[in-house]
Amino acid sequence: MSRLAARKMRRTLPSINQRAHFPQQYSSISSEPLSRPYKFHIGVSWAGKPPDPKVKPLKHPRFAAESPIGRWRDEMLVRPKHAVNLAKSAGEDFFYIADMRNQSVGKLASQSCTIPNSSLFLSSPSGRALSPLIQGIAFGVADGVGGWIDSGVDPSLFSQTLMYHAHRYSQTSWAGEPEIDPTQEYEDREKVEGWEMTPFECLELAYHGVLRERFVVAGSSTACLIHLNSSSGKLRSANLGDSGFLIIRSSSIIYRSPSQTHFFNCPKQLTKFPSDSRKYARNYNIDYPSAADSYEMKLRDGDIVIAYTDGLSDNVFPSDLVAICSLVARSGGPEEQQVQVMADRMVQYAQSCMHDRKKASPFEKEAFREGLFYKGGKIDDVTVVTALVRETI
């Protein structure tokens with residue numbers, strides 16, 4: 001009986017030739033933007049550590065402002081709209097935030113679509129509204145290994161280049177499977193371009209991009225990459241080293257990425273050696289993207305995702321991060337402003353803790369477990385990216 005009903009239903013559907021007589025009906029289906037059940041408000045903040053008077057400043061040049069990486073770096077360092085932290089440099093850290101697959105599907109792939117009153121807009125670091133056709137958002141942090149300074153290498157070049165290539169690959173990929181409109185003809189569906197990319201795959205591609213960059217002679221970096229899917233609400237991540245992320249739900253930490261280290265204060269790290277690498281190989285650990293931890297979970301309305309370098313995790317306890325988020329949320333105001341203030345407050349608090357020799361720090365407690373004496377916070381660069389998840393349907 002059910003088969004007979006299915007056959008009758010199929011007969012009621014117009015054929016391909018019949019569809020030609022109803023152009024408005026079918027064009028309206030393909031011209032509507034895809035709804036997004038999730039939107040994400042993003043905040044980012046950073047602060048470079050003060051210069052060490054014992055370390056001689058490097059004469060190695062930075063990426064020129066007119067170079068592709070230099071232009072991108074300066075764009076990332078344009079302060080968000082609601083920021084209160086005015087740091088000009090991220091030091092040896094860097095980060096990226098990218099809209100994933102900022103296009104629609106099928107016939108809309110070649111069109112520009114803007115809906116000013118849509119509630120599905122994402123908040124970007126610059127405070128602008130993003131198209132609801134964005135399939136996801138990607139962000140990450142990297143911490144350049146400062147030990148290369150002793151070899152005359154600027155550690156910030158490696159972390160900036162790694163984040164640049166992660167940003168570049170994320171922009172042209174999907175956070176999930178490429179989406180198609182099943183009401184369209186096969187030829188139109190075939191026009192959907194791009195491919196699904198996981199953070200793990202993005203990390204591999206970004207690392208090989210660094211290896212090809214001639215301006216980066218050598219260096220090392222940790223990395224934490226995160227993709228958020230605005231269709232499914234799924235978070236996927238890849239983390240290598242002692243940078244990381246955590247997820248807060250209802251004032252509780254439901255997940256925190258494990259730190260990857262070879263031994264105390266020596267994290268796993270992606271590395272590029274100079275051409276004469278024999279004299280360096282004995283002093284640096286060699287790790288590859290394949291060593292990264294992968295993780296995924298479905299997020300819920302109100303979840304807060306915090307990605308950070310070890311300048312935060314070495315100085316601020318996770319419970320303090322929860323308290324900061326709760327205090328900022330209770331203060332009210334637009335959510336896109338709240339999430340930025342959260343990031344700024346975390347960086348500011350980390351800075352105060354790293355200069356406090358009387359206050360116990362996570363780094364001090366970890367040193368004690370290793371049988372080492374250390375007092376107070378650890379001075380370091382700190383970078384934080386925060387994401388607030390909202391359900392829209």
Side-chain angles (χ1 to χ4, degrees), residues 46 48-77 88-96 140-170 201-225 238-243 260-262 265-292 309-311 380-383:
W46 62 87
K49 61 187 174 184
D52 188 347
K54 299 179 182 179
V55 178
K56 186 178 180 180
L58 295 176
K59 296 182 179 180
H60 196 283
R62 304 193 314 158
F63 288 108
E66 62 273 11
S67 67
I69 298 180
R71 286 196 303 269
W72 172 84
R73 174 202 61 211
D74 294 341
E75 290 174 359
M76 287 289 106
L77 292 175
K88 298 293 184 181
S89 170
E92 296 163 2
D93 290 354
F94 215 75
F95 64 94
Y96 79 99
V141 294
D143 180 7
V145 177
W148 281 98
I149 293 179
D150 298 333
S151 301
V153 174
D154 185 350
S156 67
L157 300 181
F158 189 102
S159 58
Q160 289 176 16
T161 306
L162 185 68
M163 295 292 95
Y164 166 77
H165 286 290
H167 180 276
R168 183 169 66 89
Y169 284 112
S170 297
E201 294 166 335
C202 185
L203 183 62
E204 285 190 310
L205 291 170
Y207 174 58
H208 287 289
V210 178
L211 297 181
R212 293 191 302 268
E213 178 58 52
R214 295 181 180 180
F215 193 78
V216 181
V217 178
S220 300
S221 176
T222 64
C224 178
L225 275 57
N239 184 62
L240 180 76
D242 57 2
S243 295
Q260 293 185 321
T261 59
H262 292 285
N265 204 28
C266 180
K268 290 186 177 181
Q269 54 200 250
L270 301 176
T271 302
K272 179 179 182 179
F273 291 114
S275 55
D276 184 13
S277 60
R278 287 175 295 179
K279 64 179 181 180
Y280 296 96
R282 290 176 295 179
N283 299 323
Y284 292 90
N285 294 293
I286 302 176
D287 299 299
Y288 299 97
S290 57
T309 57
D310 67 334
D380 201 354
D381 307 310
V382 55
T383 301

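The chain is numbered in sequence order, starting from 1.
Between Tyr164 and Trp72, the two ring planes are perpendicular [angle over 60°; tilted spans 30° to 60°]. Phe215 and Phe63 have tilted rings, their planes meeting at an angle from 30° to 60° on a 0 to 90° scale.
Listed by chain and residue number, Phe363, Lys378 satisfy the side-chain contact (heavy atoms from CB on, under 4.5 Å) test with Asn265 (two or more places apart in sequence, or in another chain). With sequence neighbours excluded, no residue forms a ring-ring contact (aromatic ring centres under 6.0 Å, His included) with Phe158. Applying the side-chain contact (heavy atoms from CB on, under 4.5 Å) rule to Arg212 yields the partners Arg168, Tyr169, His208; only residues at least two apart in sequence or on another chain are considered. By the side-chain contact (heavy atoms from CB on, under 4.5 Å) test, Asp381 pairs with Lys49, Glu92, Asp93, sequence neighbours left out. Not a single side chain to side chain donor-acceptor pair (under 3.5 Å) links Ser170 to another residue, sequence neighbours left out. Scanning for ring-ring contact (aromatic ring centres under 6.0 Å, His included) contacts around Tyr96 gives an empty result, with sequence neighbours left out.
Of all heavy-atom pairs between Arg62 and Arg73, the closest is NH2-NH2, 3.7 Å. Closest heavy-atom contact between Ala90 and Thr383: CB-OG1, 4.4 Å.
Between the side chain of Lys268 and the backbone N or O of Ala291 there is no donor-acceptor pair closer than 3.5 Å. Panel note: side chain Gln269, backbone Pro267; a donor-acceptor pair is recorded below 3.5 Å.
Ser159 and Ser221 share no donor-acceptor pair across their side chains, judged by distance under 3.5 Å alone.
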Please determine whether side chain to side chain contact (heavy atoms under 4.5 Å, CB included) holds for the pair Leu162 and Phe94, giving the CA-CA distance in whole Å, both sets of side-chain angles, and the decisive distance to 0.1 Å. CA-CA 9 Å; Leu162 185 68; Phe94 215 75; over 6 Å; no
